[in-house]
Amino acid sequence: MKTDRLRDTLRETHAADRRLARDFRAVSARNHEEVDVVRMCERLAAQCDHHAELLVPRGEHYGANLAAGDELPTTAADTEDPSVRLLRDLSALYLCVQESEIWWTLLGQGAKAARDQELIATVYACQMETGAQAHWVKGRLKEAAPQILLS
Amino acid sequence: MKPRVADPWGARTPLAVGDEWSVRHDECLAEGVQGDEVDRWVQSACVLCSNGCALDIAVKDEQIVGVRGRDVDRVNRGRLGPKGLFSWQANNSPDRLTRPLVRQNGSLVETDWDTAMELVVGRARELLEEKGPQSLGFYTTGQLFLEEYYTLALVARGGIGTPHLDGNTRLCTATSSTALKETFGCDGQPGTYDDINQCDTLFAFGHNIAETKTVLWMRILDRLEAPDPPTLIVVDPRETPTAARADLHLPIRNGTNLALLNAIQHELIANSSVDRDFVDAHTIGFDRLETMVANWPAERAAEICGVPAGAIRDAAGRIGASEKLVSTCLQGVYQSQQATASACQVNNIHLLRGMIGKPGCTVFQMNGQPTAQNTRECGADGDLSGFRNWQNAKHVEELARLWNVDPLQIPHATAPTHAMQIFRYAETGAIGFLWIIATNPAVSMPELARIRAILEQERLFVVVSDAFLTETAELADVVLPGALWGEKLGTFTNSDRTVHLSERAVTPPGEARADLDIFIDFAARLGLRDKADDPLVPWRDAESAFEAWKECSRGRPCDYSGLSYAKLRDASGIQWPCTPSAPEGTERLYTEGRFPTTVEECEDFGHDLVTGAVNTEADFRFMDPDGRAILKAVDYVPPSEMPDEEYPLRLTTGRRVYHFHTRTKTGRAPELASAAPDVWVEVSTADAERLSLVEGEPVAVVSRRGRVEAPVRITDAREGVVFLPFHYGSWDRDDDEGKHAPTAANELTLTEWDPVSKQPLFKVAAVRLEPIRR
């Protein structure tokens, strides 16, 4: 069975969740006065870290050394109005979660084709949590938008 | 000390299953007044907790001179608790506010109503023109009457059109309402107090019934004294008077509720204590729940919760063996880590056992404040009036039709703003006008230094309606003197859906006015009108407001359409839904195992209980509960602030038997004030020994957010847990400098809330104790 592409997909999924963890933390740091955003972003960042960790043994199995993942560039902070920044950050974050979600989808399909029960289970659990992450980001965005867009 | 101060629960009248609770007549009259000297007795109910004990108010020479329990009423059968017996004296307190106050050159000075109201309306109008409706916020209470909440909801949502209206019920029963919505589709207590008379097992989770609901505890004590007492299981980190009577007490670490509840459900499933027929026919979500709790053997929870695995198994065994189970939750669940998720697990236990909607079988997601149920029903909190769903266009249209306004006038782009977010908007300047009604956030909200800083801002216009100059009123720009209970007419509903009428016994002091009149006056002065250009608020008095509410509630689960003032005067309390087809009210909900979980009926589409993400209609349709209850499965997540080297102890806060909230009333009743005049901190024997603290020694309790000074009381609490009562603000401290050591527990608590119910987490702060060297 040729698994190069599955290995690459694992790598991308792993990278996407690591990026997502970084982005959750960046949004948390930039919006440090919105305590609920801070707490949830920190919690979800840890969840993404955990997702990435869960992939490490399967990465090893398919020949990808995920544990030694590259350093990710940090996202730059900007200085615009804090409430507008919250909207922009959450919008961007939503797209990042979607990117991660689509990688999990691809990986899940590959895992099924490879009949890799362990990977199927990991993908199932993580993808559900990624779905909830997207839900939360979008919900928080919708909650904040009416006030911010009209002030 | 008066006998009922020394013994808050009074004499026993044992109550066996199947018997009617016998009458015990409690009465308190002012010193020197004899019963035959009372001019008249006026029908009402108690407003010192959510039990809703029916009482009559004694009037002599146009003054309130006492109260007596109403023997005919099924809620209390003549009994009253110490708070109810003595707190009427607050009405006669010499420091009542009798004239409006406005801030001039930094201090509050008396003025007339016209001047005060024009100031309020003027600022509201300015902001509406400059920044729009979202710059106005209202923070109300669980202390007004139904008619007042409904009027306020109409004025704020239908008139001004702001989403920023919430009650302090956010601090006390938001999780109760949310958990009922998540599991059963709609708010509304499923059971009735009579279920306690009939149960064989009583599971009190984070609910110190003895101190928070004294008359309900009398009922339970009477059951415990009968020949066929129920088994009492109590979960509480503290050795409370409730825990002291338990057959089994689990003193878990605060913040670990969900771990314990998952383990109990693990045991119930492993022991085949599940009513599979009920679960299959009347619930969804069992498979996911089973998978989740499979990971929670008792040993795992034991380690996290700090209680033996055997005790967890014992609790689950007793719950699994019961034939009639009543559970009750309160702030130990609602104000703690994973509040909604945990409250839902208690609902789950009843669904797994098939014990809901049957005599002796129910879960009480209990209320705290006397009229919190009405704040919720009327939509003066984070809900829309009549338990309507903000995501359901038809529900919003119904309201718009009732109010004769455009549906778009009623904000429903997102859930109504919760209190913590309202204060955040006030902090950022997005809200410039905040009207605080009959509540005292300067003592009751978390992280008080922050709350004070918000309220002190120059740019924030703060209006406070209250009967007294509270710590919050001291920070206001305008203070409006309110009439209290007994000085106005209206209805309110207790925590088993019992509606009582409360008559006006006397006139309010000075120029104090009922909040209903203040809201109607505000709407008229602001020129709020409906689509036909008629005044937005078409009613002028309490009874016409009640009639309008009946229409709003018609067809909804909280249906009042069969009630009237005349009927409530005739009878005593009546439980909603009360309709033409159920004219005597309804004892239990969900008796057929059918729940309001259709898209059309439900009050909410639910949430992801980990993140709080809001379900859409599509999510709900996909789940397809269709009249079945929803079993929610959630993993345990530890609190964000755990004890560490710097702050090694877990703080929990709470109410004690002699006081309610910030003592605005109970602190003005001499018997109650002297029974518990000042703050103290409870420390376990082990911690006291380790820190070499002796009984009565003053210590500082310090968190990352502030400090409180209090004398030590050494108790049987579990090691590592300290307790502070949250009643003690500063209004009654006299000190030359106006400065005194801080005593309010909320100096220490943290700004964090449950992701679903948005209820602040008052029970999970990390603190340390520091000796005070004098």
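In the text below, chain A, chain B and the rest are named by the order of the sequence lines, each starting its count at 1.
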Heavy-atom distance under 4.5 Å to chain A: side chain of B:D619, backbone, both or neither?
side chain
Would you mind telling me which of B:K131, B:H164, B:H607 has the largest number of heavy-atom pairs within less than 4.5 Å of chain A?
B:H164
Ordered numerically, the heavy-atom neighbours of chain B under 4.5 Å found in residues 135-142 of chain A are A:H135, A:W136, A:R140, A:K142
So if I take each residue of residues 34-59 of chain A and look for any heavy atom under 4.5 Å from a heavy atom in chain B, which residues do I end up with?
A:E34, A:V35, A:D36, A:R39, A:M40, A:R43, A:L44
Close side-chain approach of B:T428 to A:S83, heavy-atom, < 4.5 Å:
no
Could you tell me which portion of B:E427 (side chain, backbone, both or neither) has an atom closer than 4.5 angstrom to a non-hydrogen atom of chain A?
neither
Close side-chain approach of B:R424 to A:E33, heavy-atom, < 4.5 Å:
yes
One option among B:D608, B:I431, B:T611 has the most heavy-atom pairs under 4.5 Å with chain A, and it is B:T611
Atom CZ of residue position B:R704 - does it have more than 12 heavy atoms of other residues, nucleotides or ligands inside 6.0 Å?
yes
B:S640, part contacting chain A, at a heavy-atom distance under 4.5 Å
side chain
Please tell me if the side chains of B:Q134 and A:L150 come closer than 4.5 Å, counting only heavy atoms from C-beta onward.
yes
Listed by number, the residues in residues 98-132 of chain A that come under 4.5 Å of chain B (heavy atom to heavy atom) are A:M128, A:A132
Answer with side chain, backbone, both or neither: which region of B:V637 has an atom nearer than 4.5 Å to a non-hydrogen atom of chain A?
side chain
Residues which pass ring-ring contact (aromatic ring centres under 6.0 Å, His included) with B:F423, listed by chain and number, not counting sequence neighbours
B:Y139
